[in-house]
Amino acid sequence: MKYLKLKKIFGVFLACALLFVVCMLPAAAGNMIGCVDTASSPLRVRSGPGTTHSLVYSNGVLVQIPKGDYITILDTVPCDDSSASSNPTWYYMTAEFNGATVKGYVSATYVTIVDDGSEEGGGDEGQVPGGDTDLSDIPAIYRPYLAGIIARHPNWKFEFFYTGLDWNTVIKNETVLGRSLTSRTRDGYRSKMAGAYNPATGEYIAQDGSSWFQAANEVVEYYMDPRNSMTDARIFQFERLSYEAGMQTISGVQNILKGSFMENATILTDDNRRITYAQAIMEAAQISGASPYHLAARIIQEVGRSGSGSTSGTYVGKDGTSYAGIYNFYNIGASSGSDPIANGLSWAKSGTTYNRPWTSPYKSIVGGAQYIARNYINEGQDTQYLQKFDVESEYNGLYWHQYMTNIEAAYSESNTMYKNYVQSGLLESEIIFKIPVYNNMPTVRHLPDFATGDVQGNRRGDANDDGSVTAADYAIVKDAAVAFDYVATDGNTFIARDVNDDGAIDAFDAAELDLIINGLK
């Protein structure tokens, strides 16, 4: 089955069964994709087609591809040594190992073909083992990353949005000064581009208030690459954000609000009814057409679980202007500057559109939902990702119409959404995801340099205390990360080895542990 290369989206219904996978290198067109299918131990890579050939090392670390990981098969060759009787066929392959691309030979005995590399699927070729899904329906660059998610969640649906945009052009535009920012707590994520850094003083220049700084190009590229978010939790930044009656419930909203200033609290409506915040958010969803889960998560993302001056109704600006009785739960109009809260409240106070002026929490919640739906969701920017990265041209061009500048905003909100689905028992329900596709994307996804601690190469992370920071340190950290077991804290049971509690076990856990090991967190 050949997928259609349209700019707009198309749906793919997927139902299959597959071994748990860790994302690996995607195949180029025409190459086969194989899944490592060893009994238990990882698959070692050889320098030639046979067991007498030397083992392959990468940066001093023995290359071993874990069971369930994917490889890209470049050629099929016969064994050329005495082991031919037990391993007659070998694959010359490439894979990603510890952030590096490696090549070598592996025995075909321990590899299951999941995609034969042809444009047209036929018979069982290109299908996920145990299922009837033709992987050619998925863009080739995403197949290895989505296969495991598809297998674990057969009710999920995927749409692919062909932007028609060149990857390098997109990165150039998303790294314009002030467009993508990082928190002051992320020292290694800051950019030294002109206007973001003063080389004379060695100081970074704040772009929003005193806490937000320009993100480095490498950081932007990392968060923009959809392949870096293809885990059970992070995939939710691609969730469609429209209201779906019957799919989204008030109990789901209540779960999102737990631990926040809105939990079990009540407010007055325009017609003087006293209702909970969860009820207000459900009403806002029904009126606007935006997902209530998205609205609840967006409020928390914008103002925090304790609220802020935007929700207090008593805020006084830095210039002495009082905004008593004015609310802005979504921080709409809170543009970058020395007092973004005042900017947002000034917007909430002026005009008559979207139920303004927002003189009550209810007005702000409902009116803000209408604004978000009208100006984002209903204009094609209907995922968290697309609201951070404006690569949809329907709303008057590209790049500028972005709801948030925080480079990690969509990633953070995706974790909140994932946990809500888990806690409400709706994770295996029908959920629609819309994933963008770019032209000329890198063959290998961009990864931070975990061995050296962050994406800009700051030297830290000497886990083996040998005086240098190398891939060997990363290997130690990674091994330590997978040594965690189930941990109960405050009555919540976390997923085994999920160091950063984001619902996924991946390289981020190794990075998190790296910071802990070195006393940086």
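With respect to Arg179 and Glu174, no salt bridge is recorded, no charged nitrogen being found less than 4.0 Å from a carboxylate O.
Residue Ile235 comes nearest to Phe433 through the heavy atom pair O-CD2, 3.4 Å, listed as atom of the first residue, atom of the second, then distance. For the residue pair Arg234 and Ser414, the shortest heavy atom distance occurs at CA-OG, 3.6 Å. Of all heavy-atom pairs between Asp232 and Tyr418, the closest is O-CD1, 3.2 Å. In terms of heavy-atom proximity, Arg44 sits nearest to Arg46 at NH2-NH2, 3.8 Å. The shortest heavy-atom contact between Ala196 and Gln207 is CA-NE2, 3.9 Å. Contact detail for Met93 and Ala95: the closest heavy-atom pair is SD-CB, 4.1 Å.
Rounded to the nearest 0.5 angstrom, Ile435 CD1 and Tyr142 OH are separated by 7.0 Å. A distance of 10.5 Å separates NZ in Lys103 from OG1 in Thr72, rounded to the nearest 0.5 Å. Between the CD1 atom of Ile141 and the CG atom of Asp225 there is a distance of 7.5 Å, given to the nearest 0.5 Å. For the atom pair Thr163 OG1 and Glu392 CD, the distance stands at 9.5 Å (nearest 0.5 Å). Atom OG of Ser183 and atom CZ of Phe213 lie 8.5 Å apart (nearest 0.5 Å). Taking CG from Asn87 and OG from Ser82, the interatomic distance works out to 10.5 Å, rounded to the nearest 0.5 Å.
Remark: the backbone N or O of Tyr399 is paired with a side-chain donor or acceptor of Asp390 at under 3.5 angstrom. The backbone N or O of Leu386 sits less than 3.5 Å from a side-chain atom of Thr383, completing a donor-acceptor pair. Side-chain atoms of Thr94 come within 3.5 Å of backbone N or O of Val102 as a donor-acceptor pair. With hydrogens and angles disregarded, no donor-acceptor distance shorter than 3.5 Å links the side chain of Trp400 to the backbone of Gly397. Panel note: side chain Gln214, backbone Ser191; no donor-acceptor pair is recorded below 3.5 Å. Checking side-chain atoms of Asp81 against main-chain N and O of Thr51 turns up a donor-acceptor pair under 3.5 Å. Between the Ser47 side chain and the Ser54 main chain, a donor and an acceptor come within less than 3.5 Å of each other. Put simply, the side chain of Arg305 never gets that close to the backbone of Gly259: no donor and acceptor are under 3.5 Å apart.
Within the 4.5 Å cutoff, no side-chain heavy atoms of His53 are placed close to those of Tyr105. Side-chain contact between Tyr57 and Val63: absent, with no pair of heavy atoms (C-beta onward) separated by less than 4.5 Å. The shortest side-chain heavy-atom distance between Ile431 and Glu239 falls under the 4.5 Å cut-off. Contact check for Leu43 versus Val111: side-chain heavy atoms found under the 4.5 Å cut-off. A 4.5 Å side-chain heavy-atom check between Trp167 and Pro442 finds at least one atom pair inside the cut-off. The side-chain heavy atoms of Ile407 and Tyr222, taken from C-beta on, include no pair separated by under 4.5 Å. For the pair Met224 and Ile171, the minimum side-chain heavy-atom distance is below 4.5 Å. Two residues are said to be in side-chain contact when any heavy atoms from C-beta on lie closer than 4.5 Å; Tyr438 and Val391 meet this criterion.
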Show, in sequence, the C-alpha distance, side-chain angles and deciding distance for Ile71 and Val106, and conclude whether the side chain to side chain contact (heavy atoms under 4.5 Å, CB included) test is met. CA-CA 10 Å; Ile71 62 173; Val106 296; 3.9 Å; yes
As a quick check of understanding, evaluate side chain to side chain contact (heavy atoms under 4.5 Å, CB included) for Tyr293 and Ile256, giving each step before the final call. CA-CA 7 Å; Tyr293 297 169; Ile256 296 178; 3.8 Å; yes
Go through the steps for Val77 and Tyr91 under the test side chain to side chain contact (heavy atoms under 4.5 Å, CB included), then give the verdict. CA-CA 6 Å; Val77 297; Tyr91 293 135; over 6 Å; no
Please assess Leu165 against Asn439 for the test side chain to side chain contact (heavy atoms under 4.5 Å, CB included), listing each intermediate value before the final yes or no. CA-CA 6 Å; Leu165 302 174; Asn439 297 336; over 6 Å; no
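Considering Gln381, Gln387, Glu379 in turn, Gln381 is the only one that fulfils the side-chain hydrogen bond (donor to acceptor under 3.5 Å, both in side chains) rule with His401.
For the residue pair Gln237/Tyr411, the side-chain donor-acceptor check at 3.5 Å is not satisfied.
Heavy-atom neighbours of Tyr376 OH from other residues, nucleotides or ligands within 6.0 Å: above the threshold of 12.
Residues Trp156 and Phe236 bring their aromatic ring centres within 6.0 Å.
When the ring pair (Phe, Tyr, Trp, His ring centres under 6.0 Å) test is applied to Tyr385, the partners found at least two apart in sequence or on another chain are Phe238, Phe389.
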